[in-house]
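Chain A is the first sequence line, chain B the second, and so forth, proteins listed ahead of strands; every chain is numbered from 1.
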Amino acid sequence: MTIRKILVTAALPYANGPIHIGHLVEYIQTDIWVRFQRLRGNRCIYICADDTHGTAITIRARKEGRPEEELIAQVQAEHERDFAGFQVSFDNYGSTNSPENRELCHEIWEAIDKAGLVKTKNVDQLYDTVANTFLADRFVRGTCPHCGATNQPGDNCSACGATYSPIELLNPISILSDSQPEIRSAPHLFIELAQLREFLVEYTQKGEHLQKEIANYLKGHFLGDENSAEGAKPLKDWDVSRPAPYFGFEIPGHPGHYWYVWFDAPIGYIASTKQWCDRNGERLEDWWKNPDVEIHHFLGKDITYFHTLFWPGMLKTAGFSLPHKIHIHGFLTVNGAKMSKSTGTFVKAETFLKHLDPAALRYFYASKLTPRVDDLDLSVEEFINKFNADLVGKVVNLASRTAKFVQETGLSASYPDDGGLFAHAAAAGKEIAQAYEDCDFARATRLICEIADRANPFVDSEQPWTLKKDPAQAQRLQDVCTISLNLFRQLAIYLAPILPDLAERAGRLLNDPLISWDQSQTPLVGTPVAKFEHMLKRIEVKDFENMIEESAREATEAALESEGTPDRAGEGTAVAFQDSAEALQNEPLAEECTIEDFTKVDLRVARIVKAEHVPEAKKLLRLTVSLGGDNTRTVFAGIKAAYDPEALVGRLVIVVANLKPRAMKFGLSEGMVCAAGGGGAEVFLLSPDSGAVPGQRVL
RNA sequence: GGGCCGGUAGCUCAGUCGGUUAGAGCAGGGGACUCAUAAUCCCUUGGUCGCGGGUUCGAAUCCUGCCCGGCCUACCA
């Protein structure tokens, strides 16, 4: 078999925050694949780096009163520590703020420029004159130009859903300085992606490099289809520069202009490879300009766009190898819900390691990962159960129940008749390997567990503990344990990409380090057996609960710290009731208004007299509310995800009674029902205390 | 609205090219064992394969319509 040369990357984590269990899906997935390749004897390097540029870094550095360089150095050290804690085996962990990256950015830019893909256009953008910076969309809030809702984000309105540019916002406010930004025009550099269209269609639609659903998505949303009724879609120019001040690399020939973080971030893959090459006496072109090398990128679905259109375009133009395969995964949910800081499911890598074995997370993710882009749910019960039942109860149990019987004698000199158990498991290795190769780790773990399920009954039927009592059965005892330990060893090899620690311990127990997949095909005989030591500790529910509690506590403390709340012990404050500051942080207070402003809004108590689904609408319920007497009106409310219509009938709610009626697709909406919450299923209707009656005004 | 994925036992999921009586693990029930981390082993309960139609000698599997869920994406406002 020929030895493949494989370069693997995982997406570069942003140097703006700590690694959490959501990130780890990707780094563990990638690490398993890398370790599998190495175990198979392929030459495989795993490259990563911190992504360090952009406005968010500058903002955090300013807030902490220190230079960006100091912040990113500290964060990188934390990232590397966390990854090491989960046995993620990078060959090089670099930084996009490195001399290697600067040089490569220059090289690639020059090639793109030379190819005639760069053009300049003026862009109007909001500028914060207090913080002296241009403002990205998410750093601006203001009044929606369409519906007049206040305190809306810079790119779309959460009330009416309209999309717009931040410069269209009425009364825009910078969240950096609370000042009113002004519109300034500045030249930006663009890459004309449309010129690469033919190549991009070919590359993305070939069916070799991308998962089918991803190819499909690109076709539907960016490329279009020449043969369809709508025809091909135009590819938009890509804005790759940002005017000063910006933490990043200045663009040669354009003083005061910097590459947008998404230009230099993927180049960081190459730059980090360069560092590895320099350290190991290798040549970069042997890895990035060599058709014999397979380049594999692993990344999350949120950054699909950058990696499947811009990045291949950049590589192609600059004469680097194209990714052989781009593996895209979904997001992590915990107990079926998005990770949340306030409920403690937003678990940092560091916190996890204080309470639980990283092997458990590696194994759980492996058991859930498929080649598809689906999201992955961590259910606590399943997490604990899988680890305890599969690994401790079945796999490790094989060793822990037989090793001590052969501690004196070692393994038998020749492999005894085991009724075909070993041969069967050896044969399964081919299928297991294919599952790993295909990134179908769920299948791999399933196949491995099937083998484990056959092994324990063997030990039971042979009863080594009975054999031990009869000196005449000494040989049989040694044989039975030799079989059991060999089956265990085989499982440890198959699991080695997922559980490197277990493989190491298994190697130590049998005095034969596990370093190659092929070792699963031949039984081990005649070696001494070391004293058995615990290999995996069972997880208690309490461990998990403690971790969640600590995470929730950390989130509260972090929120308090950034709020700088002085009155910690004050009675009746949010602190005393342990309320998180998250909600307020997510949506800062609107600008001040007068009582006259407020009274313009006529809030009334109303009773829901009828509530029904709107079949064509995904989010809306049609409510009929009564303000008393025969004064009823129809209101559409986006609460379908949170409330059953039946449960609403009879309830008192608060409505905006003098809101200008609005014609919606499904009918006229004559008001608005007041609710709190973050949207989706997290919507909480307001109710008056008992005693209030429909029609009463709320003031 | 469009695209994609899914719906099989209480839960998580297998189920190959359409082929016998639809499987596993976990959970539940009963028993056994005592080497092993309250681990293990045996037996067992449990299914209208989302629903309807079609193709076929034969459908969980293929086709089609619908329902439900998830993800992506848009429109309306």
Nucleotides 32-38 of chain B: protein proximity per nucleotide (B base, S sugar-phosphate only, - neither; heavy atom, under 4.0 Å): -SSBBB-
Nearest-Å distance once atom P is located in both B/U64 and B/G18: 15 Å
Rounded interatomic separation in angstrom, taking CD from A/Glu213 and C1' from B/G2: 17 Å
Salt bridge (Lys or Arg N to Asp or Glu O under 4.0 Å) between A/Asp512 and A/Arg489, worked out: CA-CA 10 Å; A/Asp512 177 57; A/Arg489 175 172 172 269; 3.0 Å; yes
Consecutive-pair stems (3 or more, Watson-Crick or G-U, under 3.5 Å) for RNA chain B: B:1-7 with B:67-73, B:10-13 with B:23-26, B:28-32 with B:40-44, B:50-54 with B:62-66
Note, A/Tyr494 side chain near A/Leu447 side chain (heavy atom, < 4.5 Å): no
Rounded distance in Å between the C1' positions of B/A27 and B/U21: 25 Å
Pairwise C1' distance for B/G28 and B/C11, with rounding to whole Å: 12 Å
Euclidean distance, atom CG of residue A/Asp374 to atom P of B/C71 [Å, nearest integer]: 11 Å
Partner of A/Lys394 by side chain to side chain contact (heavy atoms under 4.5 Å, CB included), out of A/Asp453, A/Ile448, A/Leu491: A/Asp453
Length of the CZ-P vector between A/Phe383 and B/C26, whole Å: 18 Å
Spacing between A/Arg454 atom CZ and B/C41 atom C1', to the nearest angstrom: 16 Å
Flag for A/Asn486-A/Tyr415: side-chain donor and acceptor within less than 3.5 Å: no
Whole-Å distance separating the CZ atom of A/Phe222 from the P atom of B/G2: 20 Å
Touch class at under 4.0 angstrom, heavy-atom based, for A/Lys212 against every strand present: nothing
Euclidean distance, atom CZ of residue A/Arg443 to atom P of B/U12 [Å, nearest integer]: 21 Å
A/His329 NE2 to B/C71 C1', straight-line distance once rounded to whole Å: 15 Å
Sugar-phosphate, base or nothing in reach of A/Gly393, heavy atoms under 4.0 Å: sugar-phosphate
Test salt bridge (Lys or Arg N to Asp or Glu O under 4.0 Å) applied to A/Lys338 and A/Asp375, step by step: CA-CA 10 Å; A/Lys338 260 168 77 172; A/Asp375 287 353; over 6 Å; no
Any side-chain heavy-atom pair of A/Phe441 and A/Tyr365 under 4.5 Å: no
C1' spacing across the pair B/G65 / B/A24, given as an integer number of angstrom: 34 Å
Interatomic distance at P, B/G53 relative to B/C43, whole Å: 39 Å
Sugar-phosphate, base or nothing in reach of A/Asn388, heavy atoms under 4.0 Å: nothing
A/Phe364 and A/Thr445, any side-chain heavy atoms less than 4.5 Å apart: no
Side-chain H-bond candidate by donor/acceptor type, A/Trp311 with A/His297, under 3.5 Å: yes
Separation between the C1' atoms of B/C57 and B/U16, rounded to whole Å: 22 Å
Closest nucleotide among B/G25, B/A14, B/G3 to the A/Arg372 side chain: B/A14
Nearest-nucleotide 5' precedence on RNA chain B, A/Thr370 against A/Lys394: A/Thr370
Given A/Asp479, A/Thr402, A/Asp418, A/Asn456, the one that forms side-chain hydrogen bond (donor to acceptor under 3.5 Å, both in side chains) with A/Ser484: A/Thr402
Parallel, tilted or perpendicular: rings of A/Phe346 and A/His20 (30°, 60°): tilted
Rounded distance in Å between the C1' positions of B/G54 and B/U61: 15 Å
Rounded distance in Å between the C1' positions of B/C72 and B/A14: 27 Å
Whole angstrom value for the distance that separates C1' of B/C26 from CD of A/Glu381: 9 Å
Side chain of A/Lys301 (C-beta onward), nearest among B/C71, B/U12, B/G3: B/C71
Side chain of A/His221 (C-beta onward), nearest among B/U12, B/C41, B/G2: B/G2
Exceeds 12 heavy-atom contacts within 6.0 angstrom, atom NZ of A/Lys354: yes
